[in-house]
Structures are given as C-alpha cells and as structure tokens.
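What follows is a short report on a single structure.
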Amino acid sequence: MNAAPGVPAPPRIKAASYVIADADTGEVLAAKDPHGHYLPASTLKTLTALTLVPKMDPNRLVRPSQRACDVEGTKVGMTPKMRYKVSDLFHALMMMSANDAAVTLAEADGGMKKTLADMNAEARRINARDTLAGSPNGLDKDLGLDVRTQHTSAYDLALILREGMKNPDYRKYVQAIDTHFPAPPTKKQRKKGKKTGGYPIHTHNRMLPGQPYAYEGMQGGKNGYTNAAGQTFVAQARRGGHSIVISLMKADRPPSPYATKLLDWGFAARGKVKPVGTLVAPGDAGGDAKGKDAHSNSLLPTNPLTPDDSKRGWALLGGGAAAAVLAVGVLFLVLRRRRRDGRAARAARAARASAATPATAGASAGGGTSGDLGPGSGSGTGPLPSPTRTTPAPTADPPPERAAGRRG
C-alpha cells in the first residue's frame, strides 16, 4: 500500500495473495502478490455463474446426467430421474458450492468443452487475464488439474465478483441464506399425493446475516477449499454508501476472520490512501489489438505490497540472480574438470598402447574399446547430460471440496 497519515498498515494474514479494492471506483487500496497464479477451488464458481446466469432461462428445466450426479466433493444431491429448474441449480452452486449443480449447468450450456470455452472467453472479456478455467466447479487434483492447467489470481477474483454483482440474478444467488431444493418425494409424501419432495439448503458464506461471522453490509461472496488450493475466498460488502471487494488465496485457515480484517481495513483506508492500482474495466480498456496484457494498466506489481513484505520481491530477484551465477560457475568447473580428466585418460591410454604389442595397440586404436566411454557409462568422463526438469507425481488427495462448505 501507499502509506497515509492515520491509516495503519494492512492486516497481516497468512495467505499467499490478497487484494483490497474500492468496488465503486475500482481503486486497489492494498494487495499482496495480486497477479500470482493459484488454484481457485470453488471460488471459480463465481466465473461459472458470471458466464451462465445471463444466458440461461432461470425457469428452464434440466435433467442431469449420471456423471453429473456422481461428481466428487460437495454435492446438493441430484438424480437423473428428475428435472431441475436452472434457478435451483444456481442456488445450489453459489450457496452450498454444489459440484453436481456445476456439471449439470455445464451440460445444459452445451457440454463441458463448450462451457469451459465460454468461461475462458468471459474471463478475457472482463480482462481477467490471470484466469484459466479447467473445470466448472473448481475441482483440481480429482480431475488431473494443477496450477498450470487451472488458475486464477486474487486480482481476477475481485474483477469477477465485482462484475457479477452488477447482475440482480447473480446477487440473488450469492445473497441467499436458505432455500428449498427439490428431490423425489418420500413414501410419506407420495401417500399424501405429492409428486415432488425436497429439503432445505443453507449458505456456506459464514459472513452473511445471521451466520457465525456475520459482517455488516455483506453483499455476497464465495468460499473455496481443496487440499491443493488451500482456503480461498472473495466477497463484497457495502457500508456508508461505499463498497469494498476483497479476495484472498491459499490461506492457512477458514477465511472469514481474515476477510473481516481485510474489509475493515478497506473501509477505514478508502479515500485516504493512494491507490496502488486499479481494477480494469471489461472490454478493451486494458489491452490493444495486438493482445497486450490487460493487466498492464492495473499498475500492480507481483511482489507483496504490505510493509513487512515490501522488500521480498527484490530479495527473491537478488537471490535468483545469485543462484543463476552460482549455477553457471559450478557448471563451468565441472566441464573444466571433465576436460582435464579426459586429457589425462587419453594420455594414460596412449602410454599403455605404446607399451602393448602391435596387435593390442591396433585393437585399441581401431576398435573403440573401454577407453571411449560415452554418457551414462558411470565413468564421469563422458559429456555432461542435459539438465531435465522433473514434475512431482500427483498426489491422491481425498475428495477435496467436502471441507469447502463446512469451513470458512
């Protein structure tokens, strides 16, 4: 942040990345690694809803596939024997993070491939250029995804929620606390002549009114969690005629207490601190026809901006440069030693050959015997093999989204 008299430093929270912004003006008040790429977990559903809510009739009836019903993680509970209203699916998606609802909505949009293409196109439209959707629900390891194939940033989450909150239907889904979700009738209900049963579903946003961490003015948000992503969260609140949007990624605990600190600081600092950047507008506001990065106008560096971390980016840069120099030096010494050892080995062979019989010398000179050792021989005298980068094997995480709704 840019310090201002009477304004304390942003709160210290154990999250890899965060953004605090004025949702009305788009001014970014403070940030830490705002454009860092992280796994989104269920916060990616904010993009799913932003993409699909405007284009789908809320009263349309959709029948899920068995594949959708069997998806991993948090589920609302669905069956291919029923058809569900799109509005019910969006409530389940945004209230209780239902992965089965996300897949069913993707099927209704024309299939997984089309929906992912639509989501990534929508991200580009609003200039969320740090975002790549590989699923409609944010699951990662269960689908074979990692941060290379699915990612977003704290900056983009703020962009996405801010844009979504402009849509009244979107706001309705993220603000709902309780609603009824349809299901096949029980025996008792059938005896009474009812064709449809159901049960109540409840929000997982612990900061809405009446919830454990209720925050005055909370307008809506979305939490997420997987083992790989950690805790993620994005939310927007309004007080005194002003709105603040916050986002955080890869936190070490359920995010509501951290979010409260970020929002409190945002409302206190708004209008007092000099912005460190801006949330770019949708469309062509941030890039040109040649495809320049839309975030070039956001003015946000990638290193942390909190006072205690303000030098970390330079430290990492210096450390990286030193490491590179050291690596080059070590490589030079290794190659020089191998050349020296090679000369010594050739000299020894020549000495042995001069003392051998003519037949032996001829075999040594023309046969390419043990003197010429190639790479991989174990001799240490062959050419230095090309360095290779290894990728850790994927871990077998348990179904990751189960904790997403019950925590944070």
Side-chain angles (χ1 to χ4, degrees), residues 15-21 23 26 28 31-53 73 93-94 97 99 102 106 115-165 170 174 220-236 245-251 255 258-259 262 277 279-280 282 286-287 293-296 298 300-302 304 400-401 404 408:
S17 173
Y18 70 75
V19 160
I20 309 171
V28 178
K32 176 181 178 180
D33 194 18
H35 295 300
H37 288 186
Y38 297 93
L39 289 167
S42 282
T43 54
L44 189 62
K45 293 179 173 106
T46 58
L47 178 61
T48 308
L50 179 66
T51 304
L52 300 182
V53 166
L93 179 80
M94 301 306 285
S97 209
N99 293 329
T115 297
L116 294 179
D118 290 346
M119 290 172 65
N120 289 314
E122 180 66 7
R124 291 191 297 272
R125 183 189 73 83
I126 66 169
N127 287 317
R129 301 300 176 93
D130 297 325
T131 298
L132 174 64
S135 72
N137 49 31
L139 287 174
D140 39 60
K141 295 292 185 181
D142 290 84
L143 303 178
L145 299 172
D146 58 25
V147 75
R148 295 169 299 177
T149 50
Q150 178 164 276
H151 50 255
T152 189
S153 66
Y155 181 91
D156 280 11
L157 285 180
L159 279 182
I160 292 166
L161 185 65
R162 183 188 184 216
E163 185 68 14
M165 294 299 283
Y170 191 104
V174 297
K222 185 73 192 73
N223 67 307
Y225 173 82
T226 68
N227 288 344
Q231 298 281 351
T232 60
F233 190 57
V234 59
Q236 184 171 305
V245 59
I246 63 94
S247 57
L248 59 92
M249 305 202 74
K250 207 170 181 63
Y258 286 162
L262 297 181
L279 298 177
V280 295
D293 187 359
H295 288 162
S296 62
S298 72
L300 287 168
T302 56
E401 286 291 321

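Pairs of residues two or more places apart, or lying in two chains, that qualify as ring-ring contact (aromatic ring centres under 6.0 Å, His included) and include a residue from residues 119-152 are His37-His151.
What you find for Ala41 and Ala229 is that their closest heavy atoms are CB-CB, 3.9 Å. Scanning all heavy atoms of the two residues, the minimum distance from Leu139 to Asn137 falls at N-OD1, 3.1 Å. Here the closest heavy-atom approach between residue Asp130 and residue Ser153 is recorded as OD2-OG, 2.8 Å. Nearest heavy-atom pair across Ile126 and Ile160 is CD1-CG1, 3.7 Å. Taking every heavy atom of both residues into account, Asn99 and Ser42 meet most closely at OD1-OG, 4.4 Å. For the pair Ala49 and Met94, the tightest heavy-atom approach, listed with the atom from each and the gap, is CB-SD, 3.8 Å.
In this structure, Gln150 contributes its side chain and Ser135 its backbone to a donor-acceptor pair below 3.5 Å. Using modelled atom types, one side-chain atom of Asp156 and one backbone atom of Thr131 make a donor-acceptor pair closer than 3.5 Å. Checked by atom type and distance alone, the side chain of Lys45 never pairs as donor or acceptor with a backbone atom of Ala102 at under 3.5 Å. Under a 3.5 Å cut-off, the side chain of Lys222 and the backbone N or O of Leu161 do not form any donor-acceptor pair. Checked by atom type and distance alone, the side chain of Ser247 pairs as donor or acceptor with a backbone atom of Ala154 at under 3.5 Å.
Between Leu248 atom CG and Ser17 atom OG the span is 8.5 Å, to the nearest 0.5 Å. Interatomic distance, CG of Leu52 versus CG of Leu50, reported as 9.0 Å (0.5 Å rounding). Summarising the geometry, atom OG1 belonging to Thr152 is positioned 13.0 Å from atom CZ belonging to Arg129; distances are rounded to the nearest 0.5 Å. Between Tyr170 atom OH and Thr46 atom OG1 the span is 4.5 Å, to the nearest 0.5 Å. To the nearest 0.5 Å, atom NZ of residue Lys250 and atom CD of residue Gln231 are 11.0 Å apart. Ile20 contributes atom CD1, which lies 4.5 Å from atom CG of Leu262 (distance to the nearest 0.5 angstrom).
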| query | After noting the C-alpha distance and the side-chain angles of Asn120 and Leu132, does the key distance pass the side-chain contact (heavy atoms from CB on, under 4.5 Å) rule? | reply | CA-CA 6 Å; Asn120 289 314; Leu132 174 64; 3.9 Å; yes

| request: Might you work through the side-chain contact (heavy atoms from CB on, under 4.5 Å) test for Leu44 and Met119, ending with a clear yes or no? | output: CA-CA 10 Å; Leu44 189 62; Met119 290 172 65; 4.2 Å; yes

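Side-chain contact between Leu159 and Val280 is present, with at least one heavy-atom pair separated by less than 4.5 Å. Between Val28 and Leu279, the closest side-chain pair of non-hydrogen atoms falls below 4.5 Å. A 4.5 Å side-chain heavy-atom check between Ile246 and Phe233 finds at least one atom pair inside the cut-off.
Residues forming a salt bridge (Lys or Arg N to Asp or Glu O under 4.0 Å) with Glu163 (at least two apart in sequence, or on another chain): Arg125, Lys166. Tyr38 pairs by the side-chain hydrogen bond (donor to acceptor under 3.5 Å, both in side chains) definition with Asp33, not counting sequence neighbours. Under the side-chain hydrogen bond (donor to acceptor under 3.5 Å, both in side chains) criterion, Asp118 pairs with Lys55, Lys114, not counting sequence neighbours. Thr115 is linked by a side-chain hydrogen bond (donor to acceptor under 3.5 Å, both in side chains) to Asp109, counting only residues two or more places apart in sequence or in another chain. For Thr232, there are no side-chain hydrogen bond (donor to acceptor under 3.5 Å, both in side chains) partners two or more places apart in sequence or in a different chain.
With no hydrogens or angles considered, no side-chain donor-acceptor pair links Lys141 and Thr226 at under 3.5 Å.
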